[in-house]
Amino acid sequence: EVAGRLWTKTLYGDPPFWVQPNLGNEDVLRGVPNKRFRDNSAQSATAEIRYNFALALPFIDGWLGKDWQLAAFAETGRVGDDFASASTGTLHHSAGIGGRLIFNERVGAMRGDLGFSEHGVALIVKFNQAF
């Protein structure tokens with residue numbers, strides 16, 4: 001399974017910093033910790049390859065299911081004061097690996113991702129896929 005996403009968000013005016021789009025969170029630029037990059041405009045591109053396999057573990061397979069995934073991902077993103085400056089901004093990169101337990105015929109998922117970047121390492125444990 002191969003998945004990809006292009007994402008952009010631009011705010012106008014003078015929004016408070018906690019509303020500004022950011023890179024370095026649980027779903028966007030996963031290898032950068034603590035929402036490190038934020039500005040009025042942010043852009044990112046993500047590619048992920050997922051390998052599905054069945055593994056029946058005691059207790060887990062009867063309750064949650066036996067469908068698992070291994071994933072590898074690569075991401076890049078940039079921020080700027082507006083869309084034009086973000087489009088020419090410095091690119092920040094991250095990559096990593098992860099595992100997922102797919103609940104009962106794709107009703108949901110629990111994932112763990114380990115992302116690496118020049119800015120650090122981030123471990124993410126969350127319900128549902130990043131995208």
Side-chain angles (χ1 to χ4, degrees):
E1 188 174 307
V2 176
R5 173 181 61 185
L6 297 174
W7 175 85
T8 185
K9 184 175 182 181
T10 300
L11 301 178
Y12 297 96
D14 192 20
F17 78 93
W18 63 86
V19 178
Q20 291 176 324
N22 60 72
L23 303 177
N25 58 44
E26 295 88 6
D27 298 326
V28 183
L29 220 54
R30 288 170 271 182
V32 176
N34 304 321
K35 301 179 181 177
R36 183 176 185 118
F37 304 107
R38 68 172 68 232
D39 210 331
N40 287 348
S41 184
Q43 304 167 356
S44 75
T46 303
E48 188 168 290
I49 187 164
R50 303 171 185 151
Y51 173 73
N52 299 306
F53 64 97
L55 177 62
L57 296 175
F59 178 69
I60 293 176
D61 68 333
W63 186 49
L64 296 174
K66 60 179 177 29
D67 297 322
W68 295 80
Q69 291 180 336
L70 292 177
F73 60 88
E75 302 172 304
T76 188
R78 54 192 171 194
V79 296
D81 188 46
D82 56 22
F83 185 82
S85 64
S87 298
T88 59
T90 302
L91 283 172
H92 306 284
H93 310 284
S94 75
I97 56 172
R100 286 100 169 92
L101 171 59
I102 309 300
F103 300 149
N104 300 323
E105 310 291 326
R106 294 195 175 263
V107 169
M110 184 171 73
R111 70 179 165 101
D113 289 332
L114 183 60
F116 303 92
S117 73
E118 62 184 311
H119 305 286
V121 176
L123 174 64
I124 296 137
V125 177
K126 196 171 178 183
F127 288 95
N128 284 333
Q129 300 281 19
F131 57 96

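Just so you know, these numbers use all the heavy atoms, side chains as well, and skip hydrogens, waters and symmetry mates. Quick note: residue numbers are just sequence positions, from 1.
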Residues joined to Leu91 in its hydrophobic cluster, side chain to side chain under 4.5 Å directly or through other members, sorted by chain and number, are none

If I compare all heavy atoms of [X] with all of [Y], which pair ends up nearest, and what's the gap?
X	Y	answer
Gly108	Asn128	CA-OD1, 3.6 Å
Asn22	Trp7	O-CH2, 4.2 Å
Leu11	Pro21	CD1-CD, 3.7 Å
Ser117	Gly31	OG-O, 2.9 Å

Working to the nearest 0.5 Å, report the span between [atom1] of [X] and [atom2] of [Y].
X	Y	atom1	atom2	value
Ile102	Gln69	CD1	CD	4.0 Å
Arg36	Leu29	CZ	CG	11.0 Å
Arg50	Leu70	CZ	CG	12.5 Å
Phe103	Leu101	CZ	CG	5.5 Å
Asp39	Thr10	CG	OG1	10.0 Å
Lys35	Gln20	NZ	CD	12.5 Å

Given Thr46 and Val28, is the side-chain contact (heavy atoms from CB on, under 4.5 Å) satisfied, shown in steps? CA-CA 8 Å; Thr46 303; Val28 183; 5.8 Å; no

Please work out whether the ring planes of Phe37 and His119 are parallel, tilted or perpendicular, with thresholds of 30° and 60°. perpendicular

Is a donor on one side and an acceptor on the other found under 3.5 Å between the side chain of [X] and the backbone of [Y]?
X	Y	answer
Arg78	Thr90	no
Arg38	Phe17	yes
Glu48	Ala71	no
Thr8	Ala42	yes
Ser41	Val79	no

side-chain contact (heavy atoms from CB on, under 4.5 Å) between Ser87 and Gln43, intermediate numbers included: CA-CA 8 Å; Ser87 298; Gln43 304 167 356; 3.0 Å; yes

Phe53 atom CZ, over 12 foreign heavy atoms within 6.0 Å: yes

Can you establish whether the number of heavy atoms outside Ile97 located under 6.0 Å from its atom CD1 is more than 12? no

I'd like to check Glu75 versus Ser44 (side-chain heavy atoms, cut-off strictly below 4.5 Å). Are they in contact? no

With a 4.5 Å limit on heavy-atom distance, are the side chains of Lys126 and Asp113 in contact? no

Are Ile124 and Met110 joined in one hydrophobic group, where the rule is that I, L, V, M, F, W and Y side chains link up if heavy atoms are under 4.5 Å apart? no

Between Asp67 and Arg100, does any NZ, NE, NH1 or NH2 come within less than 4.0 Å of an OD or OE carboxylate oxygen? no

